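Everything on this sheet refers to the single structure shown next.
Keep in mind that the numbers below use all heavy atoms, side chains included, and drop hydrogens, waters and symmetry copies. A quick note: this is a predicted structure, and the numbers were derived from the prediction, not measured.
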2 protein chains.
Amino acid sequence: MANETNITNDIDAVPSLAQSKRQIDRYELDIDAQAVLVASRLMAAGAKLGHASEIHFSRFGLSTGRYRLLADLEDHEGEVLPSQLAEHLGVTRATVTGLIDTLERDGLVFRRSSSVDGRQKAVILTEQGARKLRDMAHEHFARLEAMVGLLSIEERSVFLDLLGRVTKGISALTDEPAGSKGHISNE
Amino acid sequence: MANETNITNDIDAVPSLAQSKRQIDRYELDIDAQAVLVASRLMAAGAKLGHASEIHFSRFGLSTGRYRLLADLEDHEGEVLPSQLAEHLGVTRATVTGLIDTLERDGLVFRRSSSVDGRQKAVILTEQGARKLRDMAHEHFARLEAMVGLLSIEERSVFLDLLGRVTKGISALTDEPAGSKGHISNE
DNA sequence: AATAAATAGTTAGGCTCCATACTAATTATA
DNA sequence: TATAATTAGTATGGAGCCTAACTATTTATT
């Protein structure tokens, strides 16, 4: 083990409040350091979770995207159009094509041309694909539950509410060049 | 605009509570559907934020990783070793090498061999790199602040606390084949 | 001193996802 | 009907990050 890098740092280490403060003070900005900290921490958490998720699903020979596609199929009687999958998963159709390619190669889904619309190709969950979901269900959901195990039921509700609002705010990063002040244009 | 895909779905649409419930009920698992929902929503939020972040930084000719590297340099007198950068940013040394390559090509940083240790190559922030940070500071931090603008000061504190605990729980996804319960082994 | 082990940084190749541009099929318009 | 515009799915090339393996240098061991 000569080649080991400790990536999984403690959350406290990632972006500290002191660091956020220094950045803001340096330019004498009228910005709430805690707001910046929340944004930074969420980014760090998102990256960490994304990575952990890939490790988790790779145990079952899947990736995050491929699992989500299978789960969406299962939730829709095992048959969905690629464009619908793209919408459900929140990814592009091009990405869906790639996911299906791999899943089809592994025998978990297959494509079937539509008889009503020659452009469409329905994606079908195979028996093997359904079995894969069945086999991994227990461990998968147990791990998800354990992930939020440090939160009480009430705290989970609060977290869900706050996360939802922050998620709405993400558009502040991508909106057009921002008028002037950081005032939110919700009423 | 014949080729437009609406990726930025509303958060409510991504994984619904009903969908989580159906998944759990299908296999009659003893799992809290809300816990699964929290985990799923956080994953979705993380992915969305990561994407938005890249769009945000691309306005300044940077990526998320390259910005974070520059900011870390600025926070350490403009000179840090690559291995330290990797640790601060929570990425591998290989990734840092790639980030530096691009930043050096753009004239925002440069490498300088160490005199005390021939293996080390310090990364130095150039004047141009410092100017880049200065020029983007106002808009960057204003957008970050706006992102959490839907939360009150108190709510931000709560969110930070809850997010921190969930982040700790992420290891539940990557830990060894799960002993039994999701008890965390911190003291 | 000579050899082995560890460390710093890099390279090579992989994965996930995206934006863009393309082909084939359908629908609207004239 | 003939043409144009739209739609479904796909190919291509890129960005970001990873793991694993490699080179050069330093430190530890003998």
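- Between the CG atom of Leu99(A) and the P atom of dC15(C) there is a distance of 13 Å, given to the nearest Å.
- A donor-acceptor contact closer than 3.5 angstrom is absent between the side chains of Thr174(A) and Ser171(A).
- Distances from the side chain of Ala94(A) to the nucleotides dA12(C), dT25(D), dT10(D) place dT10(D) closest.
- Nucleotides of DNA chain C nearest to Gly118(A) and Glu54(A) differ in position, and the one nearer the 5' end is that of Glu54(A).
- Atoms NZ (Lys121(A)) and P (dA11(D)) sit 8 Å apart, rounded to a whole Å.
- A straight line from CG of Leu69(A) to C1' of dT16(C) spans 14 Å, rounded to a whole angstrom.
- Residues Ser115(A) and Thr64(A) both approach DNA chain C. Their nearest nucleotides, taken by heavy-atom distance, put Thr64(A) toward the 5′ side.
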*Apply the test side-chain contact (heavy atoms from CB on, under 4.5 Å) to residues Gln84(A) and Val123(A): give CA-CA distance (whole Å), side-chain angles for both, the deciding distance (0.1 Å), then the verdict.*
CA-CA 10 Å; Gln84(A) 294 175 323; Val123(A) 182; over 6 Å; no

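- Between Gln84(A) and Ile55(A), the residue anchored closer to the 5' end of DNA chain D is Gln84(A), taking for each the nucleotide with the nearest heavy atom.
- When rounded to the nearest whole Å, the span between CZ of Arg93(A) and P of dA19(C) equals 12 Å.
- OP1 and OP2 of dG9(C) both lie 4.0 Å or more from every side-chain N or O belonging to Arg111(B).
- Using cut-offs of 30° and 60° for the angle between ring planes, the Tyr67(B) and Phe57(B) rings count as parallel.
- Contact annotation: His51(B) side-chain N/O to dA19(C) OP1/OP2 distance is under 4.0 Å.
- Here the rule is salt bridge (Lys or Arg N to Asp or Glu O under 4.0 Å) with Glu79(B), and of Arg112(B), Lys121(B), Arg111(B) only Arg112(B) fits it.
- Rounded to whole Å, atom P of dG16(D) lies 16 Å from atom OH of Tyr67(B).
- One donor-acceptor pair, N or O on each side, does fall under 3.5 Å between the base of dT7(C) and the side chain of Arg119(B).
- Side-chain N/O atoms of Ser83(B) include one lying less than 4.0 angstrom from OP1 or OP2 on dG9(C).
- For the pair Ile124(A) CD1 and dG9(D) P, the computed distance is 12 Å after rounding to whole Å.
- Going from atom CD of Gln120(A) over to atom P of dA24(C) covers 18 Å, rounded to whole Å.
- Between Asp117(A) and Asp101(A), the residue anchored closer to the 5' end of DNA chain D is Asp117(A), taking for each the nucleotide with the nearest heavy atom.
- Between the CZ atom of Phe57(A) and the P atom of dT16(C) there is a distance of 12 Å, given to the nearest Å.
- Residues that satisfy the salt bridge (Lys or Arg N to Asp or Glu O under 4.0 Å) test with Glu155(B), not counting sequence neighbours, are Arg165(A).
- For dG9(C), neither phosphate oxygen OP1 nor OP2 lies less than 4.0 angstrom from any side-chain nitrogen or oxygen of Thr97(B).
- Contact annotation: Ser63(B) does not reach the phosphate of dA15(D) (side-chain N/O to OP1 or OP2, under 4.0 Å).
- Nearest nucleotide to the Leu81(A) side chain, out of dC17(C), dT11(C), dG9(D): dG9(D).
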